[in-house]
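This report concerns only the one structure given below.
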Amino acid sequence: MDARLNLFGSPVAGKVLKHFVSAGGPISDSALPAATQELVKIRASQINGCGFCTDMHTKEAEAAGETSVRLHLVAAWREATVFTEAERAALELTEQGTRIADAAGGVTDEAWENAAKHYDEEQLAALVSLIALINAFNRVNVIVRQPAGDYRPGQFA
């Protein structure tokens, strides 16, 4: 499978993606736990059908020490016992924030309040920003049909 557009060879796409990556810096440097950040990226990417980002973030999470059990259960996190209450709140916020078009009211007050029980305001700011950013990356990759499977951890570091 070939991508419809060479994102890595396009000057315009390259500039845009550079800004996307730069926007991720403050999120990565925030107090939002790194494991939670990867789980959020994986779950949003699964929902959006972004194979490229799912491939990337599962491999990055594994390289950072995440267990295969947790990685395999991200899509079924509601039924899994391997996630903390804080991670579950982040995953719920991720799902609702990713599926905005599916819900008339967007993110529910209940999902927000649950996340606010586990994360302070700066962590919530990082979480909301991360959800928005990974959705933007997903959309770019899904639109161009960016192939998945060849990503190597640290490839874009």
Side-chain angles (χ1 to χ4, degrees), residues 1-84 86-102 107 115 119 122-157:
M1 174 182 191
D2 291 325
R4 291 174 167 162
L5 176 69
N6 181 355
L7 294 173
F8 305 109
S10 164
V12 170
K15 288 177 188 175
V16 171
L17 292 174
K18 184 177 180 179
H19 287 289
F20 280 19
V21 170
S22 179
I27 300 166
S28 295
D29 296 340
S30 75
L32 185 65
T36 301
Q37 291 184 41
E38 289 302 329
L39 294 173
V40 164
K41 290 182 239 183
I42 293 164
R43 187 63 191 125
S45 299
Q46 290 171 332
I47 291 166
N48 289 322
C50 184
F52 184 82
C53 290
T54 301
D55 181 39
M56 174 190 292
H57 296 296
T58 54
K59 288 175 179 174
E60 289 291 348
E62 184 178 43
E66 188 60 79
T67 68
S68 60
V69 170
R70 284 169 43 95
L71 290 174
H72 291 302
L73 289 171
V74 171
W77 65 267
R78 283 181 179 80
E79 294 80 23
T81 60
V82 297
F83 301 105
T84 68
E87 290 168 338
R88 297 168 74 72
L91 289 166
E92 180 64 33
L93 192 65
T94 300
E95 287 194 3
Q96 289 190 23
T98 299
R99 293 183 165 136
I100 288 175
D102 297 342
V107 173
Y119 301 103
E122 284 303 298
Q123 290 171 316
L124 285 169
L127 183 56
V128 168
S129 299
L130 178 60
I131 293 166
L133 186 59
I134 191 59
N135 273 278
F137 273 117
N138 290 164
R139 279 152 178 74
V140 169
N141 287 314
V142 169
I143 290 167
V144 303
R145 291 187 180 160
Q146 190 66 36
D150 295 330
Y151 181 80
R152 295 172 320 280
Q155 180 175 331
F156 297 121

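As a basis for the values below, the full set of heavy atoms in this structure was taken, side chains included, without hydrogen atoms, waters or symmetry mates.
Distance check, rounded to the nearest 0.5 Å: CD1 of Ile42 to CG of Leu91 gives 9.5 Å. Put simply, CD1 on Ile134 and OG1 on Thr94 are 10.0 Å apart, with the number rounded to the nearest 0.5 Å. Remark: Leu73 CG to Thr67 OG1 distance equals 8.5 Å, nearest 0.5 Å. The CG atom of Leu93 lies 5.0 Å from the CG atom of Leu127; values are rounded to the nearest 0.5 Å.
The two atoms that bring Ala136 and Phe20 nearest to each other are CB-CE2, 3.8 Å, heavy atoms only. Shortest non-hydrogen contact noted between Ala23 and Leu133 is C-CD2, 4.1 Å. Of all the heavy atoms in Gln123 and Pro33, the pair that sits closest is NE2-CD, 4.3 Å. A pairwise comparison of heavy atoms in Phe137 and Cys53 identifies CB-SG, 4.2 Å as the closest pair. In terms of heavy-atom proximity, Asp55 sits nearest to Gly149 at OD2-N, 2.9 Å. Minimum heavy-atom separation, Glu87 to Ala35: OE2-CB, 4.4 Å.
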Would you check, one step at a time, whether the test side chain to side chain contact (heavy atoms under 4.5 Å, CB included) holds for Thr98 with Arg43? CA-CA 9 Å; Thr98 299; Arg43 187 63 191 125; over 6 Å; no
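Within the 4.5 Å cutoff, side-chain heavy atoms of Leu7 are placed close to those of Asn141.
Formation of a donor-acceptor pair under 3.5 Å by the Ser10 side chain with backbone atoms of Asn6 is not found in this model. The closest donor-acceptor contact from the side chain of Glu122 to the backbone of Ala31 lies at 3.5 Å or more, if one exists at all. Looking at Ser30, its side chain does come within 3.5 Å of a backbone N or O of Ile27 through a donor-acceptor pair. Panel note: side chain Lys41, backbone Thr58; no donor-acceptor pair is recorded below 3.5 Å. Of the possible polar contacts, one joining the Ser129 side chain to the Ala125 backbone as a donor-acceptor pair under 3.5 Å is found. Without hydrogens or angle criteria, Arg139 side chain to Asn135 main chain gives a donor-acceptor distance under 3.5 Å. With hydrogens and angles ignored, the 3.5 Å screen pairs a side-chain donor or acceptor of Arg88 with a backbone N or O of Trp77.
Pairs passing the side chain to side chain donor-acceptor pair (under 3.5 Å) check and including a residue from residues 146-157, sequence neighbours excluded, read Glu60-Tyr151.
Shown here are the side chain to side chain contact (heavy atoms under 4.5 Å, CB included) partners of Ile143, two or more places apart in sequence or in another chain: there are none.
With His57 as the fixed residue, the side-chain hydrogen bond (donor to acceptor under 3.5 Å, both in side chains) test singles out one of Glu38, Glu66, Gln37: Glu38.
By the 6.0 Å contact criterion, CZ on Arg78 is enclosed, its count of non-hydrogen atoms from other residues, nucleotides or ligands being greater than 12.
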